[in-house]
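As structure tokens, the structure follows; a few thoughts come after it.
Along the sequence shown, residues are numbered consecutively beginning with 1. In this text the structure is predicted, and so the values were computed from the model without any measurement. Counting convention: from 1, in listed order, for ligands and their atoms alike. No hydrogens, no waters, no symmetry mates; every other heavy atom, side chains included, goes into these values.
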Amino acid sequence: MQNIIRNNWSLEEIHSIYNTPLLQLIHTASNIHHHYNDTAEVQVCTLLSIKTGGCTEDCAYCPQAARYNTGVDVQALMKKDEVLLYAQKAKDAGSTRFCMGAAWREVRDNKDFDRVLDMVKGVNQMGMEVCCTLGMLTEQQAQKLADAGLYAYNHNLDTSSTHYEQIITTRTYEERLNTLDNVRKVGVSVCCGGIIGLGETHEDRIKMLHTLATMPTHPESVPINALVAVKGTPLENNSKTDVWDMVRMIATARIIMPATMVRLSAGRTEMSVAEQALCFMAGANSIFAGDKLLTTPNPSFEEDNEMFNLLGLKPRKAFKEEKQYLRELIEN
Ligand code: SAM
Ligand code: DTB
Ligand code: SF4
């Protein structure tokens with residue numbers, strides 16, 4: 001197997017990989033995973049919602065959009081010290097990446113942003129990889145976050161450019177791609193993936209993977225979320241995501257973006273350990289840990305510890321390789 005990372009995938013190629021008979025697909029993905037990564041290692045990330053609910057946007061899946069009645073309590077931006085306590089708790093439980101999420105359309109240059117910059121500095125000083133997901137960013141804002149020590153920025157495509165308008169109308173796909181460009185320009189690691197179970201077709205999933213795998217540089221991490229169908233959102237009655245679809249998606253992402261961290265993200269509470277094991281076999285090497293995602297439940301640290309022991313997995317160390325790789329990219 002050659003060490004080649006490709007950015008020139010055609011839709012047809014990805015279509016044919018995605019549609020490979022399932023066991024063969026898992027086998028191929030597993031081989032590629034072995035070649036490029038330490039398959040025993042899984043990155044453990046913890047999420048914290050630092051500003052919850054009351055969001056102006058209309059993302060059809062989201063419990064935090066003000067326009068849906070989902071029972072999520074609106075909470076103003078948390079205080080820095082409180083956030084750092086959560087980060088310490090996550091670190092003590094074995095997390096190496098701490099991701100702070102805000103229910104914002106975009107970052108604004110105000111006191112709240114200054115407070116987030118302080119949080120980023122604080123978490124960085126604790127020796128954790130610090131990540132944020134705050135909505136759209138300008139290049140200047142991305143630079144400020146980078147200067148404060150931000151390691152990664154999460155901004156998802158969510159779905160294909162075609163299905164997108166069925167899901168979100170208050171900001172465009174183009175705007176998402178612009179934010180991702182701004183993050184890339186300042187040398188912050190890009191975390192970008194999507195959700196399955198939004199009513200999209202297999203072709204939409206293939207198209208989204210194609211957009212990710214043909215970026216000039218692959219995102220360093222790609223979260224694959226299964227929709228958490230929250231009561232009160234327009235997608236509350238969507239059917240449960242088929243675990244085989246999750247496996248197929250992860251395996252395809254692994255094959256076309258071999259060195260990327262592929263994150264088995266939202267939806268794990270609905271999956272057995274055996275089903276999650278299949279996802280790790282298919283190339284997933286990152287999870288969100290801790291009993292809450294942003295507003296919805298997630299398996300506890302204890303449950304995940306047990307799973308790691310059973311499957312022989314170990315948490316990946318912080319700051320491994322990625323930074324060097326990014327540095328080289330910027331220098332060249
Ligand atoms: N407000 C910011 C934004 O939209 O970019 C950051 C937070 S937002 C909650 C981050 C991501 O979480 C979304 O882009 C979406 O991919 C994911 N997400 C939100 N609600 C979800 C749900 N119910 N099920 C699965 N993923 C979800
Ligand atoms: C991502 O891809 N998934 C996370 C994180 N990035 C921000 C969010 C999942 C949210 C699930 C719904 C909730 O808990 O509110
Ligand atoms: Fe707001 Fe982000 Fe939820 Fe969309 S996904 S409604 S932007 S919090």
Side-chain angles (χ1 to χ4, degrees), residues 43 45-68 70-75 77 97-108 116 131-137 141 152-159 163-164 167-173 175-180 182-183 190-200 208 212 219 221-238 240-241 246 249 253 261-270 284 286-299:
Q43 179 191 46
C45 318
T46 295
L47 274 171
L48 177 68
S49 181
I50 57 170
K51 188 268 159 187
T52 308
C55 184
T56 52
E57 300 303 275
D58 70 350
C59 312
Y61 49 74
C62 188
Q64 303 198 67
R67 63 190 77 200
Y68 314 135
T70 60
V72 167
D73 286 333
V74 178
Q75 274 173 354
L77 185 65
R97 181 174 287 194
F98 190 68
C99 181
M100 301 181 278
W104 287 334
R105 173 180 207 268
E106 72 226 319
V107 165
R108 305 233 168 114
V116 173
C131 174
C132 280
T133 179
L134 313 168
M136 295 189 286
L137 289 182
Q141 291 162 341
Y153 195 79
N154 167 247
H155 198 61
N156 289 338
L157 293 179
D158 284 347
T159 190
H163 190 62
Y164 186 82
I167 302 299
I168 301 153
T169 67
T170 50
R171 58 179 164 174
T172 64
Y173 212 69
E175 286 176 309
R176 286 192 184 252
L177 295 170
N178 273 342
T179 293
L180 292 165
N182 292 337
V183 172
V190 172
C191 172
C192 180
I195 310 176
I196 61 174
L198 301 176
E200 73 286 349
M208 180 182 84
L212 293 168
S221 48
V222 171
I224 307 288
N225 296 276
L227 172 72
V228 183
V230 177
K231 200 161 180 305
T233 62
L235 303 184
E236 64 178 349
N237 295 320
N238 279 25
K240 181 176 173 282
T241 302
M246 200 71 179
M249 202 63 193
M261 311 288 310
V262 178
R263 186 168 312 125
L264 169 58
S265 305
R268 289 199 301 119
T269 49
E270 299 288 317
S286 175
I287 56 166
F288 285 122
D291 51 19
K292 210 156 146 204
L293 289 165
L294 289 171
T295 64
T296 63
N298 193 50

Just wondering, do [Y] and [X] contact through their side chains at under 4.5 Å, heavy atoms?
| X | Y | result |
| --- | --- | --- |
| Ile195 | Asn156 | no |
| Tyr164 | Met208 | no |
| Cys45 | Arg263 | yes |
| Asn182 | His155 | no |
| Leu77 | Val116 | yes |
| Val183 | Leu137 | yes |
| Lys51 | Leu134 | no |

Please confirm whether the backbone N or O of [Y] pairs with a side-chain atom of [X], one donor and one acceptor, at under 3.5 Å?
| X | Y | answer |
| --- | --- | --- |
| His163 | Leu198 | yes |
| Arg97 | Gln43 | no |
| Arg268 | Phe288 | yes |
| Asn298 | Gly290 | yes |
| Asn154 | Thr133 | no |
| Glu270 | Lys240 | no |

(message) Closer than 4.0 Å to some heavy atom of Tyr61 - which atoms of ligand 3 meet that?
(response) 5 (S)
When you compare ligand 1 with [X], is there at least one nitrogen or oxygen pair between them that comes in under 3.5 angstrom?
| X | value |
| --- | --- |
| Asn156 | yes |
| Ala266 | no |
| Arg176 | no |

Does ligand 1 have an atom under 4.0 Å from some heavy atom of [X]?
| X | result |
| --- | --- |
| Gly101 | no |
| Arg171 | yes |
| Ala226 | yes |

At a non-hydrogen distance cut-off of under 4.0 Å, which region of [X] contacts ligand 1 (side chain, backbone, both, or neither)?
| X | value |
| --- | --- |
| Ala102 | backbone |
| His155 | side chain |
| Pro223 | neither |
| Asp158 | side chain |
| Ile195 | side chain |

(request) For Leu294, counting its heavy atoms only, list the atoms of ligand 1 lying under 4.0 Å from any of them. (result) 9 (C)
(message) How long is the straight-line distance from CE of Met261 back to SG of Cys191, given to the nearest 0.5 Å?
(response) 10.0 Å
(request) Sum up the protein N, O or S atoms located under 2.8 Å from atom 1 (Fe) of ligand 3. (result) 1
(request) For ligand 3, note which part of Arg67 has a heavy atom under 4.0 Å away: side chain, backbone, both or neither. (result) neither
(request) Select the closest option to atom 24 (N) of ligand 1 among Val228, Asn238, Val230, judged by heavy-atom distance. (result) Val228
(request) Check each of Leu47, Thr133, Leu157, Thr56 against atom 10 (C) of ligand 1 and report the one with the nearest heavy atom. (result) Thr133
(request) List the closest protein heavy-atom neighbour of atom 2 (Fe) of ligand 3: residue, atom name, distance to the nearest 0.1 Å. (result) Arg171 NH2, 4.0 Å
(request) Hey, could you give me each pair passing side-chain hydrogen bond (donor to acceptor under 3.5 Å, both in side chains) that has a residue in residues 225-237? Not counting sequence neighbours. (result) none
(request) May I ask whether atom 16 (O) of ligand 1 is less than 4.0 Å from at least one protein heavy atom? (result) yes
(message) Just to verify, what does Gln75 make a side-chain contact (heavy atoms from CB on, under 4.5 Å) with, not counting sequence neighbours?
(response) Thr52
(message) With side chain to side chain contact (heavy atoms under 4.5 Å, CB included) as the test, pick out the partner of Cys192 among Leu177, Val222, Leu157.
(response) Leu157
N/O to N/O under 3.5 Å, ligand 2 against protein:
unit_1, atom_1, unit_2, atom_2, d
ligand 2, 2 (O), Asn156, ND2, 2.9
ligand 2, 2 (O), Asn225, ND2, 2.8
ligand 2, 3 (N), Asn225, OD1, 2.9
ligand 2, 6 (N), Asn154, OD1, 3.2
ligand 2, 14 (O), Leu294, N, 3.0
ligand 2, 14 (O), Thr295, N, 2.9
ligand 2, 14 (O), Thr296, N, 2.9
ligand 2, 14 (O), Thr296, OG1, 2.8
ligand 2, 15 (O), Thr295, N, 3.2
ligand 2, 15 (O), Thr295, OG1, 2.7

(request) For Asp158 and Tyr61, test the side chains for any donor-to-acceptor distance below 3.5 angstrom and give the result as yes or no. (result) yes
